[in-house]
Amino acid sequence: MNNRRQHCLSMLRICKTLKAIKQIHASLVTTGHHTDPFFAGKLLLHCAVTISDALDYARTLFLHFPNPDVFMYNTLIRGFSESGTPQNAIFTFMDMCRKSVDPPDSFSFAFVLKAAANYRSLKDGIQLHCQALRHGLDTHLFVGTTLISMYGECGSVQFAGKVFEEIRQPNVVMWNAIVTACFRSGDVKGAQKMFDRMPVKDLTSSNIMLAGYAKAGELELAKKVFLEMSLKDDVSWSTMIAGFAHNGCFDEAFGYFGELQRVGMKANMVTLTTVLSVCAQMGAFDFGKILHGFIEKSGFSWIISVNNALIDTYSKCGNVGMARLVFERMPDKKSIVSWTSMIAGLAMQGHGEQAIQLFKEMEDSGIRPDGITCTSILYACSHAGFIEQGCAYFSKMMDVYNIEPTIEHYGCMVDLYGRAGKLQKAFEFACKMQIPPNDIIWRTLLGACSIHGNVELAEHVKDKLSELDPNNSGDHVLLSNIYAVAGKWKDVATVRRSMTDQKIKKTPGWSMIQVDKFIYSFVAGEKPNEITKEAFDKLREIMLRLRVEGGYVLEVVSVLHDIEEEEKEDSVSKHSEKLAVAFGIARLCKGKVIRIVKNLRICRDCHTFMKLISKVYGLEIMVRDRSRFHSFSNGSCSCKDYW
DNA sequence: TTAGGGTTAG
């Protein structure tokens, strides 16, 4: 019997797929061991916990087992608690209380409380707490710790505190749990107090403080703790990098990465994915390439998450070819994140057909899309003008893949109709949504009204926005631009006045360009300096050449005021991306691709301008705007003028 | 205790 047990265990150890699990199950049935609690328990554990997609099979196994013991109940609860449907863990737990001969133990409570925490159900959490109390397990170290975590996740720091104070001698894990719970509930001061009270602090406790401060945006406090730490590990460093990156302080995030290397600490895979995501957000292509080289050399290139980050980085830095190369190189190891990143990357570049083709390949290879994959394919359709395909994917998502649409999916659909000029359809769709439309939905529609010049609907939509997000400067500017295009100058003035009255400031546009090792940024309306003077001089020269050789005429519709034509020209010609591209032409070597990152969307005039430069100067220009890429070459753009 | 894919707009 012992030999058989050993054999079964070693079989399970090497078993990685559901198919292999089924074979082991079949062999247990032939020998009659499938009803033995030992074998059944181990098999169940493997299905419910170890293998990622075998939870349904675990449930079937469980249901066919005549008298499941506590271990089997706990295993199924554990599997469900980490799944997409943690509520099932609660149902299994209730079933256990009703039917099982043995009562739930500390493990049952630890797992089921984790489930309540995972879907943030305070109501279920409290009921489970009462049950734990009834069984005398509420002060058990494991159960108590999960109770604290659960209350923290559910935002109830008071209850977490009450549980904590009941424990006579909390260990360090429990202290960490109460500090985390405070941070989770947004109680930074409480976390600080608890941290000060801790009798013993280990490295983990300090790391929790770093992460908590950083997530709360308290970067100075995080820095202080970091400096005071006598011992720092790789987690401390990557927490700092991620913390600064999350708060938009990319330079400092990079700084910590440099410092980490200087002190001789080794970057782990989390650090690398974090730094890559900073590159992606900044559009820092050259640095991304250096990191890629480092990853290859240091043996991280087989890790799925690192590859996913590389795909995303290359995509967001405009090199979809390199992204594709990384993607193709991971044949059996693509995760749903890999597929989604690649589809989104293609979509951002305006390669709608290729995105759809890849989605098909994914389906053919038996991979099920998740909600985010569906958002990406809908995004691809809306940005390529594929209305029918977009609608078909939306239906397929619900009917075939059983995915409930979220606000993001609805957003894509409103964009799909709106961008294509079907404004009425877009409006009706927004009104009929299963969830209440948020500001983004209405803003999408306002953007569509701007593209297609529909003043009446724009005013109606702006009213909705004024209820949901009244101080958003972009909405005011957009409405003002819509009026300006329609020549309604009185209305333009009214919007302008209300912006001044409410102290709403227009976000200035900026563009960045890297030349050699430096990043230069150009901000609309900033004071002239040496760099901008150089850019302006070059820009004047370029404009002249484009007028003569390319027949360029400024498009000046999208300017706020009713001002003289000449002044409008001046305003449009100052757009930051024009200055950045002029600077690039002045400073970069011939033949080098000009890469620009911009914070807002590119305007129609700048778009025409870039197309002409690419033709007249024989250059390749890449502009990453707020939401996508424009690759200009030989007089045309990859977005096919649809954006 | 750290990370990684998604909707809009200025």
Side-chain angles (χ1 to χ4, degrees), chain A residues 173 176-177 179-180 183 202-212 214-215 233-243 245-246 268-278 280 303-313 315-316 335-345 347-348 369-380 382-383 405-416 418-419 438-448 450 465 469 472-481 504-510 524 558 560 598-601 603 625-627:
Chain A
V173 181
N176 289 343
V179 173
T180 308
F183 276 127
D202 64 9
L203 192 54
T204 305
S205 319
S206 300
N207 284 342
I208 290 172
M209 290 308 285
L210 292 183
K215 278 187 188 143
D233 63 358
D234 51 347
V235 175
S236 328
W237 285 95
S238 66
T239 305
M240 291 306 275
I241 295 169
H246 273 303
N268 64 20
M269 65 180 210
V270 177
T271 319
L272 286 170
T273 49
T274 310
V275 180
L276 278 171
S277 103
V278 176
I303 295 171
I304 299 179
S305 58
V306 172
N307 280 299
N308 293 343
L310 275 173
I311 294 170
D312 188 48
T313 306
S315 293
K316 291 199 176 129
S335 70
I336 189 63
V337 177
S338 330
W339 287 95
T340 307
S341 307
M342 199 59 240
I343 291 168
M348 264 188 284
D370 66 9
I372 303 180
T373 323
C374 293
T375 308
S376 300
I377 196 67
L378 291 176
Y379 170 91
S382 84
H383 283 259
T406 62
I407 197 80
E408 287 90 351
H409 301 117
Y410 286 118
C412 289
M413 291 307 286
V414 171
D415 194 51
L416 179 82
R419 211 173 280 279
N438 65 358
D439 55 329
I440 295 182
I441 297 286
W442 295 123
R443 197 164 296 125
T444 306
L445 202 47
L446 191 64
S450 163
L465 277 164
D469 190 9
N472 187 304
S473 69
D475 297 340
H476 287 84
V477 174
L478 203 50
L479 183 66
S480 165
N481 284 347
I504 298 170
K505 281 207 173 131
K506 189 182 167 190
T507 314
W510 55 253
S558 293
L560 277 174
K598 184 179 158 72
N599 67 333
L600 309 176
R601 299 226 63 185
C603 86
D625 76 8
R626 184 85 167 95
S627 80

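All heavy atoms count here, side chains included; hydrogens, waters and symmetry mates do not. Each chain gets a letter, A, B and so on, in the order its sequence line appears, and its residues count up from 1. All of these numbers come straight from a predicted model, not from anything done at the bench.
- Ion pair A:Arg601/A:Asp625 flagged as a salt bridge, since at least one NZ, NE, NH1 or NH2 atom sits closer than 4.0 Å to an Asp/Glu carboxylate oxygen.
- For A:Ile407, whose side chain is taken as the heavy atoms from C-beta onward, the closest listed nucleotide among B:dT7, B:dG6, B:dG5 is B:dT7.
- Ranking B:dG10, B:dG5, B:dA3 by closeness to the A:Ser305 side chain, first place goes to B:dA3.
- The two atoms that bring A:Gly345 and A:Ser315 nearest to each other are CA-OG, 3.5 Å, heavy atoms only.
- Of the candidates B:dT2, B:dT1, B:dG10, B:dT1 carries the atom nearest the A:Ile208 side chain, counting heavy atoms from C-beta on.
- Put simply, CG on A:Asn438 and CD on A:Glu408 are 8.5 Å apart, with the number rounded to the nearest 0.5 Å.
- Within 3.5 Å, no donor on the side chain of A:Ser341 pairs with an acceptor on the base of B:dG4, nor the reverse.
- Among the nucleotides B:dT8, B:dA3, B:dG6, the one closest to the side chain of A:Ile372 is B:dG6.
- No engagement by A:Lys598 is indicated, since no non-hydrogen atom pair under 4.0 Å with the nucleic acid exists.
- Checking B:dT8, B:dA3, B:dG6 against every side-chain atom of A:Thr273, the shortest atom distance belongs to B:dA3.
- With distances taken from any side-chain atom of A:Ala211 to the nucleotides B:dT1, B:dG6, B:dG10, the minimum falls on B:dT1.
- The CG-P distance, from A:Asn176 to B:dT2, rounds to 11 Å in whole Å.
- Contacts of A:Lys505 with the nucleic acid, taken as non-hydrogen atoms under 4.0 Å apart, are absent.
- You'll find a donor-acceptor pair under 3.5 Å spanning the side chain of A:Thr507 and the base of B:dG10, going by distance alone.
- Taking only side-chain atoms of A:Ser473, from C-beta outward, the nucleotide of B:dG10, B:dG4, B:dA3 with the closest atom is B:dG10.
- The separation between A:Asp312 atom CG and B:dG5 atom P is 5 Å, rounded to whole Å.
- Across the protein-nucleic acid pair, A:Leu378 atom CG and B:dG6 atom P stand 14 Å apart, rounded to whole Å.
- Within 3.5 Å, a donor on the side chain of A:Asp370 pairs with an acceptor on the base of B:dG5, or the reverse.
- Contact annotation: side chain of A:Thr444 to base of B:dT8, donor-acceptor pair absent below 3.5 Å.
- Rounded to an integer number of Å, the gap from A:Leu272 CG to B:dT2 P is 17 Å.
- Distance from the side chain of A:Thr340 is smallest for B:dG5 among the nucleotides B:dG5, B:dT1, B:dA3.
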